[in-house]
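Report on the structure given below.
Keep in mind that the numbers below use all heavy atoms, side chains included, and drop hydrogens, waters and symmetry copies. Read the numbers this way: they start at 1 and go in the same order the structure lists the ligands and their atoms.
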Amino acid sequence: MSEPLQEHPHRRWNALTGDWILVSPHRTQRPWQGRREGDPVDARPEFDPQCYLCPGNSRAGGVPNPNYTGTFVFTNDFPALLPETAQRDADPSPLFRGQAVRGTCRVICFSPRHDLTLPRMAVDDIRAVIDVWAEQIRELGASYRWVQVFENKGDVMGCSNPHPHGQIWASDCLPNEPAKEERQQAAYWEQFQTPLLADYLQQELQRQERIVLADEHWVVLVPYWATWPFETMLLPRRHVLRLPELTHAERRNLAQVLKRFLTRYDNVFETSFPYSMGWHGAPNDEGRYPHWQLHAHFYPPLLRSATVKKFMVGYEMLGEAQRDLTPEQAAARLREVSELHHLET
Ligand code: H2U
Ligand code: ZN
């Protein structure tokens with residue numbers, strides 16, 4: 001890596017969104033200044049009678065959950081999107097544009113066990129979650145243009161319940177983030193006739209500066225343009241447009257890779273690492289999307305310890321995102337920690 005990028009303030013361009021980010025490596029000459037503090041020992045029970053996601057318990061509104069033994073999907077009792085909405089009358093002013101939107105929201109329980117998280121689940125059980133993600137995208141993708149599968153993990157991310165779960169929001173519109181990725185990938189394809197992320201992955205594999213972990217089918221890396229301190233991207237090596245297209249072998253390895261790399265996350269600060277993660281694949285309409293490549297983003301907020309998080313405030317809100325720790329330092333840190341979970345040693 002060239003010295004100016006490791007020592008001097010500079011900006012990096014996010015090829016996937018078109019945004020810029022300010023990097024200030026001179027503010028952390030040493031990659032590691034923070035102290036580590038472990039969680040108080042996590043004493044969550046396997047079953048919590050108060051939890052609205054545990055098997056057999058009632059949710060808000062009184063609907064009981066079945067006594068599920070694997071994964072469990074239900075329609076969100078407080079959905080942000082609805083399948084039927086009134087058409088809006090167009091406002092004649094160009095400054096007050098609006099748009100009707102149709103959609104639906106679901107919740108996925110990853111496990112009946114209240115006390116587990118993905119990295120602490122068995123590989124076969126993580127594989128079951130992957131299969132549910134794929135089925136849900138296939139099913140909802142038949143009616144909705146965009147199906148956003150995501151997980152919000154940890155109180156700091158505003159997650160309301162520690163029971164391992166994720167969400168799916170499907171909509172007939174393309175939300176902002178995928179819309180930016182669509183624009184950038186389409187423009188790159190237009191210019192080079194190859195998928196942007198396929199080229200990007202090849203170059204990252206050659207440079208070997210930001211790779212966290214890789215196997216036969218998958219690569220986890222800290223993107224060159226990462227904004228969150230330990231942000232990562234997970235990509236298949238093969239050109240895959242959407243998650244349901246993954247082969248058995250790719251799904252099996254994905255389960256292993258998720259366990260390995262989420263364990264590394266937990267080991268960085270010896271805490272259950274909070275994050276928002278989600279999958280991006282080609283939109284589900286009739287359009288042609290050869291320029292798309294399936295990938296997952298992980299956005300963890302922690303910066304220096306289990307309690308010190310990065311705030312996207314001030315200059316970030318009014319100027320642009322900024323980071324001190326370089327993506328290369330973050331990747332090195334993630335490579336350095338063990339793949340054996342700290343609670344299991
Ligand atoms: P978080 O992952 O951000 O904590 O959200 C959990 C979701 O669960 C949230 O969208 C839903 C909330 O609307 N929920 C139900 O659908 N039923 C309930 O009984 C409580 C929470
Ligand atoms: Zn529970």
Side-chain angles (χ1 to χ4, degrees), residues 39-85 101-122 125-126 128-130 132-133 135-137 139-140 144 146-171 173 175-177 228 231 243 258 262 265-266 271-280 296-302 309 311-312 343:
D39 267 346
V41 176
D42 194 352
R44 259 191 285 148
E46 288 186 22
F47 171 81
D48 175 355
Q50 302 303 320
C51 169
Y52 59 75
L53 297 179
C54 275
N57 291 351
S58 290
R59 300 203 303 272
V63 185
N65 294 324
N67 280 309
Y68 66 96
T69 54
T71 57
F72 168 53
V73 180
F74 62 90
T75 299
N76 198 308
D77 298 303
F78 309 95
L81 291 153
L82 296 168
E84 309 295 339
T85 45
V101 57
R102 280 186 331 104
T104 189
C105 301
R106 294 179 179 172
V107 177
I108 313 175
C109 296
F110 295 160
S111 162
R113 286 268 303 267
H114 185 78
D115 59 329
L116 295 183
T117 55
L118 282 174
R120 307 214 59 211
M121 282 167 58
D125 297 334
I126 301 175
V129 173
I130 295 165
V132 172
W133 286 337
E135 277 163 36
Q136 292 290 319
I137 292 172
E139 184 198 318
L140 290 166
Y144 294 107
W146 189 254
V147 182
Q148 186 59 61
V149 166
F150 66 98
E151 179 191 4
N152 244 354
K153 178 170 173 261
D155 310 338
V156 270
M157 297 309 290
C159 181
S160 58
N161 187 326
H163 193 111
H165 70 283
Q167 298 195 44
I168 312 165
W169 294 20
S171 62
C173 66
N176 287 340
E177 293 304 311
W228 293 95
E231 175 177 335
L243 199 135
L258 279 170
L262 294 176
Y265 262 176
D266 280 6
T271 191
S272 182
F273 213 58
Y275 58 73
S276 279
M277 70 76 65
W279 286 97
H280 284 163
H297 296 283
F298 288 79
Y299 300 132
L302 295 186
K309 65 171 273 220
F311 289 95
M312 287 283 182
L343 292 177

Next on the checklist: I'd like to check which ligand 1 atoms, numbered from 1 as shown, lie under 4.0 Å from a non-hydrogen atom of Ser160.
Outcome noted: 1 (P), 4 (O), 5 (O), 6 (C)
Item to check | Pair Tyr275 and Phe273, ring centroids less than 6.0 Å apart | outcome: no
Item to check | Protein heavy-atom partner closest to atom 19 (O) of ligand 1 - residue, atom, separation in Å | outcome: Ala60 N, 2.7 Å
Item to check | Closest heavy-atom pair and its distance - Arg59, Thr75 | outcome: NH2-O, 4.2 Å
Checklist outcome for this item: Closest to atom 17 (N) of ligand 1 among protein heavy atoms sits Asp77 OD2, 2.6 Å
Checklist entry - Does ligand 1 have a heavy atom under 4.0 Å from the side chain of Val107, from its backbone, from both, or from neither? => result side chain
Checklist entry - What atoms in ligand 1 come closer than 4.0 Å to a heavy atom of Asn152? => result 3 (O)
Checklist entry - Hey, are Tyr52 and Ser160 close enough side-chain-wise for a donor-acceptor pair under 3.5 Å? => result yes
Checklist entry - Near Asp77 CG, under 6.0 Å, is it more than 12 heavy atoms from other residues, nucleotides or ligands? => result yes
Checklist entry - Of the non-hydrogen atoms in Gly70 and Pro112, which two are nearest, and what is the gap between them? => result O-CD, 3.2 Å
Checklist entry - Heavy atom under 4.0 Å from ligand 1: found in Gln167's side chain, backbone, both, or neither? => result side chain
Checklist entry - So which heavy atom on Val101 is nearest to which on Ser171, and how close? => result CG2-CB, 4.3 Å
Next on the checklist: So, at under 2.8 Å, which protein N, O or S atoms would a careful student list around the Zn ion (ligand 2)?
Outcome noted: Cys51 SG, Cys54 SG, His114 ND1, His163 ND1
Next on the checklist: Quick check: closest heavy atoms across Cys159 and Lys153, and the distance to 0.1 Å?
Outcome noted: CB-C, 4.2 Å
Checklist outcome for this item: The reported gap from CZ in Arg113 to CD in Glu46 (rounded to nearest 0.5 angstrom) is 4.0 Å
Next on the checklist: Nearest 0.5 Å, please: how far is CD in Gln148 from CG in Leu81?
Outcome noted: 11.5 Å
Item to check | Contact partition for His165 relative to ligand 1, non-hydrogen atoms under 4.0 Å | outcome: side chain
Checklist entry - In the protein, which heavy atom is nearest to atom 13 (O) of ligand 1, and how far is it? => result Asn76 OD1, 2.7 Å
Checklist outcome for this item: The reported gap from SG in Cys109 to CG in Leu53 (rounded to nearest 0.5 angstrom) is 4.5 Å
